[in-house]
2 protein chains.
Amino acid sequence: MNTSPLRAKRIHFRTKKYRSPDGLPTDICLFTLLSIPRQTKTKSLPLKQLAVLLIKRKSNTFGEQWALPGGFSHESETLDECAYRELKEETNIDRDVHIEQLKTYYKPGRDPRGWIPSVAYVSLVHEDLLKHAQANDDASDAQLFPIEEAFALNLAFDHREILTDALQRVREQMLQTTIAKAFLPDEFTLSELLQVIETVVPSFSAKDRGNFERRLLATTRRQGLLEPVLSADGQPVYSTEFSNSPAKLYRFTGFTPTAMIY
Amino acid sequence: MNTSPLRAKRIHFRTKKYRSPDGLPTDICLFTLLSIPRQTKTKSLPLKQLAVLLIKRKSNTFGEQWALPGGFSHESETLDECAYRELKEETNIDRDVHIEQLKTYYKPGRDPRGWIPSVAYVSLVHEDLLKHAQANDDASDAQLFPIEEAFALNLAFDHREILTDALQRVREQMLQTTIAKAFLPDEFTLSELLQVIETVVPSFSAKDRGNFERRLLATTRRQGLLEPVLSADGQPVYSTEFSNSPAKLYRFTGFTPTAMIY
DNA sequence: CGAATAGTGTCTTTGAGACAATATAGC
DNA sequence: GCTATATTGTCTCAAAGACACTATTCG
């Protein structure tokens with residue numbers, strides 16, 4: 001290898017020969033699943049819709065734009081802390097929700113205000129937590145958009161690219177990890193789980209509820225992914241929240257089978 | 001949601017009330033697979049070893065330290081361009097090698113020089129490209145370490161954490177994507193592919209070469225992951241590089257089956 | 001023929017998927 | 001009895017994995 005360019009650059013840095021970034025914001029792609037009640041003759045699962053949180057910006061050059069919520073990080077906080085802080089400021093959520101660093105974006109000119117990269121985060125939040133927050137402030141300029149609608153908007157900066165990447169990441173993770181739990185209560189029925197997966201990843205289709213059930217519960221590869229919720233006397237617990245026919249409740253155990261292509 | 005904190009912060013930013021980061025470096029975890037020839041009575045596959053590139057730093061406070069290669073990004077370049085530039089400066093590689101953003105690191109005090117986050121990259125490079133580069137400069141302070149040895153060193157900053165995350169990412173990706181190709185020639189035998197996977201992910205074990213072969217070639221789920229290399233007359237091409245028994249050559253097609261846990 | 005790898009055959013068990021059937025409980 | 005969901009049964013075919021066997025070619 002060649003002689004150390006790192007050391008050379010350190011000297012430059014010390015003499016302040018080079019500019020420094022003008023700030024390091026974090027931007028958050030906050031996804032939630034909105035429930036859309038159906039009018040049916042008996043109890044049924046509400047439809048679900050994947051939505052993302054955007055805030056309105058008034059730009060003097062670009063007219064009305066929508067942007068991912070975000071804000072500048074401080075020297076005294078970690079990037080994760082900044083993301084949590086922003087989440088709290090925008091949504092009033094102060095819980096341990098799913099939040100995950102996605103990627104850092106910079107290209108010359110991405111922000112007209114200067115040399116401003118952005119550390120993008122993905123957060124998955126159950127709609128109940130957001131409804132509570134929304135009640136606090138109706139005059140807010142933050143709004144949830146179904147993802148197709150979000151992509152039809154005039155988004156600020158490179159936020160369309162970030163949103164595209166975030167959506168792709170969420171879809172991958174939805175199939176390869178147990179992040180579905182972010183959109184589910186602690187105890188849920190198999191229909192709820194299946195619906196979450198199908199809503200987030202439209203290309204996923206179990207087609208057959210019965211086969212989905214067997215795959216998840218009866219195959220050794222996935223043993224321990226889910227466990228039935230048991231009552232004090234060891235009997236399975238049922239829910240009739242979404243159907244007259246009582247449905248067994250399950251929870252994630254913490255074990256995740258490894259997904260692989262080979 | 002509450003009233004727009006982003007707008008409030010923008011004003012702060014414009015009045016330069018807050019500090020800005022002192023620089024935005026990229027650091028690269030460059031992995032390669034080293035070949036270790038075995039002395040056998042007939043041709044055989046060399047052993048492989050996963051190694052990472054580190055450079056020597058002389059710190060007045062910490063003594064001799066090893067660090068991930070890296071350097072400060074410029075306003076005029078993207079982060080990816082910076083990573084490629086650093087890669088070229090350290091290894092003289094100017095090819096389209098596998099390079100991928102991992103994560104951005106910052107916590108107060110991570111770099112004693114100031115408010116300096118780091119955008120970490122992972123790069124996977126075939127050893128042949130590095131050998132060529134190393135020949136250019138023997139007095140370099142850059143060196144490849146087998147990963148166990150790297151973890152035994154006194155690494156600068158939070159580079160141990162970065163390396164840990166990078167390794168985990170590479171292992172995940174090795175099983176869920178076709179990045180194995182970064183460590184393989186364009187045309188390879190099934191034994192080579194299997195060896196790459198087993199070396200990078202020790203927990204992966206096909207146990208049975210025969211079954212590995214059938215899985216990859218005969219299952220519909222993976223149809224099209226690999227294709228045999230064919231000569232002009234449509235006959236499969238064989239290699240005797242690593243065995244007297246000619247082995248069929250394969251290449252990746254570009255298709256990747258989706259890995260999922262459900 | 002021995003060494004080291006390549007590739008096939010066979011058999012068993014498990015899993016995937018299609019499809020059907022029955023069950024539940026409120027209205 | 002109708003509705004929407006829950007759950008089990010059956011059958012077929014695909015895939016996984018264990019294990020053994022043959023093939024290749026150089027030295």
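Remember, predicted model here, so these are calculated numbers, not experimental data. Naming: A, B, ... by sequence-line order, numbering from 1 per chain.
Here D/dA14 presents its C1' atom at 12 Å from CD of B/Q223, a figure rounded to the nearest Å. One can place CG of A/L194 at 15 Å from C1' of D/dA4, the figure rounded to the nearest angstrom. When rounded to the nearest whole Å, the span between CG of A/L217 and P of C/dA16 equals 12 Å. Taking atom CG of residue A/L193 and atom P of nucleotide D/dA6, one finds them 12 Å apart after rounding to whole Å. When rounded to the nearest whole Å, the span between CZ of B/R209 and P of D/dA16 equals 16 Å. Rounded to an integer number of Å, the gap from B/Q195 CD to C/dT5 C1' is 12 Å. Taking atom CD of residue A/E213 and atom P of nucleotide C/dA20, one finds them 19 Å apart after rounding to whole Å.
Looking at heavy-atom distances under 4.0 Å, A/L45 makes contact with sugar-phosphate atoms alone, never a base.
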| said: Quick one, B/M174 with B/I179, criterion side-chain contact (heavy atoms from CB on, under 4.5 Å). Give me CA distance, side-chain angles, the key distance, then yes/no. | reply: CA-CA 6 Å; B/M174 182 60 58; B/I179 54 163; 4.0 Å; yes

| request: Test B/F204 against A/T258 for side-chain contact (heavy atoms from CB on, under 4.5 Å), laying out the working first. | output: CA-CA 10 Å; B/F204 178 94; A/T258 54; over 6 Å; no

| task | Would you please test B/F145 and B/F151 for ring pair (Phe, Tyr, Trp, His ring centres under 6.0 Å) and show each step? | result | CA-CA 9 Å; B/F145 291 91; B/F151 279 114; over 10 Å; no

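Of the possible donor and acceptor atoms, one in the side chain of A/R171 sits under 3.5 Å from a partner among the backbone N and O of A/V200. The main-chain N or O of B/E192 is found under 3.5 Å from a side-chain atom of B/T189 such that the two form a donor-acceptor pair.
Of the candidate nucleotides D/dT8, C/dT5, D/dA15, C/dT5 has the atom lying nearest to any side-chain atom of B/S243. Taking the side chain of B/T220 as heavy atoms from C-beta on, and the options D/dA16, C/dG15, D/dA14, the nearest nucleotide is D/dA14.
Looking only at atom types and distance, the side chain of B/Q173 has a donor-acceptor partner in the side chain of B/E100 under 3.5 Å away. With 3.5 Å as the limit, one finds a donor-acceptor pair spanning the side chains of A/D165 and A/Y105.
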| query | Tell me, for nucleotides 17-27 of chain D in 5' to 3' order, what letter each nucleotide earns: B for a base near a protein heavy atom under 4.0 Å, S for only sugar-phosphate near one, - for neither? | reply | BBB---BBBB-

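Each of B/Y262 and B/K248 was assigned the nucleotide of DNA chain C with the nearest heavy atom; the assignment lying further toward the 5' end belongs to B/K248.
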